[in-house]
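In what follows, every heavy atom counts, from backbone to side chain, and hydrogens, waters and symmetry copies are set aside.
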Amino acid sequence: MQKMMERCEIHRNEYFGEENLRKQQYVQELKNEMVIMADKIELLRLHSRRLMGQDLDSCSVEELNEIISKIEKSLTNVRSRKAKLNEDKIEKLKEEIAKEKEVFNEGSRLRQMFEAQPLWMQSRSLKSEKSAPSCDCGNMNISDVETELFIGLRPESQM
């Protein structure tokens, strides 16, 4: 029993020793990766400062020319995107103008139709705009007629 306990203790130490070793290796790999990432971040910050026009005194002529070409390319992309947005906006406005013209023309057509027809034919022509009128009485004059018709309670009976 004692020998068995000793063997278990040895195996346990070996197992946990290997596990600790693996953990330490993993932690070391993470530290190395962190150092690499910190270096990359610093390079990106330096590059960003150079693109913003800072710390240019340490740049060579070749680096300055590269920065100039990158900025010009970016400016070209921005201008082309802006031009595309403006073209889209102009196209939408043209469509809106065409719709407004269509509505205006429809209003003008309806106004002319109502001015040309007598009142009693206007309601009929709204219902059947495409069909011809049933009689040829287009020049008949209609005058206003006054009646004593009252809808609702009469003012004298409200007291």
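Atom CD1 of Ile41 is separated from atom CE of Met34 by 10.5 Å, given to the nearest 0.5 angstrom. One finds the CG atom of Leu64 at 10.0 Å from the CG atom of Asp57 (value rounded to the nearest 0.5 Å). One finds the NZ atom of Lys31 at 13.5 Å from the OH atom of Tyr26 (value rounded to the nearest 0.5 Å). From Leu110, atom CG reaches atom CG of Asn105 across 11.0 Å, with rounding to the nearest 0.5 Å. The OG1 atom of Thr76 sits 11.5 Å away from the CZ atom of Arg81 when rounded to the nearest 0.5 Å. The NZ atom of Lys101 sits 10.5 Å away from the NZ atom of Lys94 when rounded to the nearest 0.5 Å.
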Item checked: Trace of the salt bridge (charged side-chain N to carboxylate O under 4.0 Å, His left out) decision for Glu72 with Arg79 -> CA-CA 10 Å; Glu72 286 174 351; Arg79 286 180 178 158; over 6 Å; no
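In this structure, Leu46 is not a member of the same hydrophobic cluster as Ile67, with clusters built from ILVMFWY side-chain heavy atoms closer than 4.5 Å.
A salt bridge is defined here as a Lys NZ or Arg NE, NH1 or NH2 lying under 4.0 Å from an Asp or Glu carboxylate O, and Lys99 with Glu106 fails to meet this definition. Salt-bridge check for Lys70 with Glu66: passed, with a basic side-chain N closer than 4.0 Å to an acidic carboxylate O. Ion pairing of Lys92 with Asp88 is absent here, as no side-chain N (NZ or NE/NH1/NH2) approaches a carboxylate O to less than 4.0 Å.
At a threshold of 4.5 Å between non-hydrogen side-chain atoms, the residues Gln54 and Ser48 do not count as touching. Looking only at side-chain heavy atoms (C-beta outward), Cys59 and Leu56 come within less than 4.5 Å of each other.
At least one donor-acceptor pair closer than 3.5 Å links the side chain of Glu63 to the backbone N or O of Ser60.
Within a 6.0 Å radius of CZ in Arg45, no more than 12 heavy atoms belonging to other residues, nucleotides or ligands are found.
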